[in-house]
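Heads up: the structure comes next, in structure tokens.
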Amino acid sequence: MKKLNTAAQMKAIDREAMQGRYQIPPTVLMENAGHAVVTHGMQVWGPWQGKRVIIFCGAGNNGGDGFVIARHLMAQGAKVYVYICGEESAYSEESRIHLRTLQAMQDDPLCHLQYLSSLAEPVVRRRIAHSHMIIDALIGTGFHGMLRPKMRALAQIINAVAHEAKIPVIAVDMPTGVDADTGASDKDAIHAMMTVTFGVHKRGQFIYPGKELVGKVVLDTIGMPMPLLRKEENDCMYALELADIAEIMTKRSPTSHKGTHGTVGIIAGSATMLGAALMAAQGAVRAGAGKVRAMIPSVVATHTMGLYPEIMVAAIGTTPYFTSADSKAVMEQIRDCSSIALGPGLGRSKETQDFVLQILEKASCPLVIDADGLYHLQGMKDRVRRCLQPLIFTPHIAEFSRLSGYAIDAIKTNPVPLLRVFAQEWQVCIVLKGAPTYIVSAEGKAVYINTTGNAGMACGGMGDVLTGMVAAIWGRENNPMATQAACAAVYLHGASGDACAKDYGPYGYTPLELARQVPCILQQGQVVTKIDDGEIG
Ligand SMILES: NC(=O)C1=CN([C@@H]2O[C@H](COP(=O)(O)OP(=O)(O)OC[C@H]3O[C@@H](n4cnc5c(N)ncnc54)[C@H](O)[C@@H]3O)[C@@H](O)[C@H]2O)[C@@H](O)CC1
Ligand SMILES: Nc1ncnc2c1ncn2[C@@H]1O[C@H](COP(=O)(O)OP(=O)(O)O)[C@@H](O)[C@H]1O
Ligand SMILES: [K+]
């Protein structure tokens, strides 16, 4: 998985690399950063020779990187137009050194160095329109809040002209106007085609709207000592990759049997939401559950019998929704279950709440709780904490807001600290579904961010499929930890959505079509395992 840092964590690493025991001179790191941008740019767009490149250099160290980039581009035969936005006296020592070197090269016909303030706007527009490439070295990890007026005006020009003339923009470390910690972006933030980032990935590159503005992200370690880059932070965050999932979704033993792979109990559905139980059950089947038993109120269960022969259906009670009178019958049915998915389509009757609380109290295996199951747990923190079984909650933002009391806007703006507190207080692993989905362990320490999925998944029933998948992966014989199971299910679910988008089109595919893709994604995951095992290649 990819480690994701905040700007402050990155700054601390920079400081330790330079002033701690490693004593790397700051000019060297800046040199390496600038060189990295030139190298990665060439790998994507070919040799720089003969290209006209505009480099906008801000007033911080991001601008310093820009001065280095100019020198390396010239060495490779590009003509550079370097526009300085800062005051020489205000630059850091390392930026000033690199600026002076560039100033000493001003006689070179390939070097055009100028303070931006001395240039009329039409000239800037013309120069951009006649360039082959733009380098955004205006602001990197130092950006917060909203762009100040002058910077906003410049960003607007760069975006408009680059877009119109189809000129690629390479962002240095972060696109200007994107918050490295949260992905929050100014409406005029620079839209890059590629971002070359240094040391460790930044969170804002994986969270919308920043995720849409960074383009292709390339990481370069710029010669920083690896122990610093690998250091476990107190507040750590990771982005999921296929290889992580392959570690959890290991190959089956050839002698395994259905009992090995877990029995998932689905407690779901009510008169008006019959499909929820079936979609959750299909999620469980497709994620590899050995057996799936769906417990559904009798009144509606009759409509499901035989629809999917691989699912055992237990018809429960006499009412159109579950009530506490059903808990005994359900407990009988879940005795042999290795995990339970509770909640999709249960409905919001007060009587169902008593039922949910009884299952929570008496269950003897891990529980994944979703949708209406979570609705009934509002204000029930103490009851949840008293539950003896490990729990995974899978709310979307509105459900999380209802459960936690946090405003939807606050959750959208910066969910991670809120999720951490909630997970610790309620002692549950939490999956906050959305774009992107976050997974937080019950200790509230590690946070994982999903990298798969697409807007075609914004359709009723997709969450139900996920609930069944989490339960199936969690309920296997060598059952993974809650967080691992949740990460694997969320990644696979999103990757299956991506496969649907490729096969069917960007939207309009159904939750069951998504579920059907899961085995194909598992196959891709196993290719990774095989390579790791050295079996092929
Ligand atoms: N030694 C280091 O610390 C290294 C830093 N590097 C570069 O340095 C960058 C970080 O440098 P800094 O901490 O100096 O920060 P930045 O250069 O990213 O940003 C600071 C500048 O942006 C301006 N700014 C911030 N918010 C603004 C807003 N809302 N509107 C307009 N202007 C705004 C500030 O006034 C300041 O001039 C990294 O992203 C990376 O590119 C690299 O050279 C690698 C080594
Ligand atoms: N724009 C999107 N990008 C990626 N994934 C999405 C997007 N919209 C929805 N999803 C995913 O689809 C699922 C929807 O779940 P949910 O809202 O619970 O739907 P339902 O309750 O109808 O089943 C979640 O896993 C969510 O992460
Ligand atoms: K930048």
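Nothing here was measured: the structure is a model prediction, and the numbers come from that model. Both ligands and their constituent atoms are indexed starting at 1 by order of listing.
Taking 4.5 Å as the limit, every side-chain heavy atom of Ile54 sits out of range of all side-chain heavy atoms of Ile135. Looking at heavy atoms from C-beta onward, Gln517 lies in side-chain contact with Tyr504 at the 4.5 angstrom threshold.
Between Thr176 and Ile139, the closest heavy-atom pair is OG1-N, 3.0 Å.
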Identify all pairs of nitrogen or oxygen atoms, one from ligand 1 and one from the protein, separated by less than 3.5 Å, and list them with distances.
from     : atom 1 : to     : atom 2 : distance (Å)
ligand 1 : 3 (O)  : Asp14  : OD2    : 2.9
ligand 1 : 13 (O) : Lys11  : NZ     : 2.7
ligand 1 : 14 (O) : Asn61  : N      : 2.9
ligand 1 : 17 (O) : Asn61  : N      : 3.2
ligand 1 : 17 (O) : Asn62  : N      : 3.0
ligand 1 : 18 (O) : Gly140 : N      : 2.6
ligand 1 : 18 (O) : Thr141 : N      : 3.4
ligand 1 : 18 (O) : Gly142 : N      : 3.0
ligand 1 : 29 (N) : His144 : O      : 3.1
ligand 1 : 29 (N) : Met146 : O      : 2.6
ligand 1 : 30 (N) : Arg148 : N      : 3.0
ligand 1 : 32 (N) : Arg148 : NH2    : 3.4
ligand 1 : 35 (O) : Arg148 : NH2    : 2.7
ligand 1 : 39 (O) : Thr141 : N      : 3.0
ligand 1 : 39 (O) : Thr141 : OG1    : 3.3
ligand 1 : 39 (O) : Asp173 : OD2    : 2.6
ligand 1 : 41 (O) : Asn62  : ND2    : 2.8
ligand 1 : 41 (O) : Asp65  : OD2    : 2.6
ligand 1 : 43 (O) : Asp65  : OD1    : 2.4
ligand 1 : 43 (O) : Asp65  : OD2    : 3.4

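Here Thr394 has no heavy atoms under 4.0 Å from ligand 2, in either its backbone or its side chain. Using a 4.0 Å cut-off between heavy atoms, Asp464 contacts ligand 2 through both its backbone and its side chain. With a 4.0 Å cut-off on non-hydrogen atoms, Met279 does not touch ligand 2 at all.
Rounding to 10°, one obtains 80° for the angle at the K ion (ligand 3) between O (Met174) and OD2 (Asp136). The K ion (ligand 3) is the vertex of the angle joining OD1 of Asn62 and O of Val172, which measures 80° to the nearest 10°.
Scored by the ring-ring contact (aromatic ring centres under 6.0 Å, His included) test, Tyr321 finds no partners at all (sequence neighbours excluded).
Ring-plane geometry between Phe400 and Tyr406 is classed as tilted, the angle between the planes lying from 30 to 60 degrees on a 0 to 90 degree scale.
Listed by number with element, the atoms of ligand 2 under 4.0 angstrom from any heavy atom of Gly460 are 22 (O).
Relative to the six-membered ring of Tyr91, Arg96 misses at least one condition, a distance below 6.0 Å or an angle of at most 45° to the axis.
Here Ala171 does not reach the K ion (ligand 3): none of its N/O/S atoms is less than 3.4 Å from the metal.
Among Gly283, Ala501, Gly461, Gly434, the residue whose heavy atom sits closest to atom 22 (O) of ligand 2 is Gly461.
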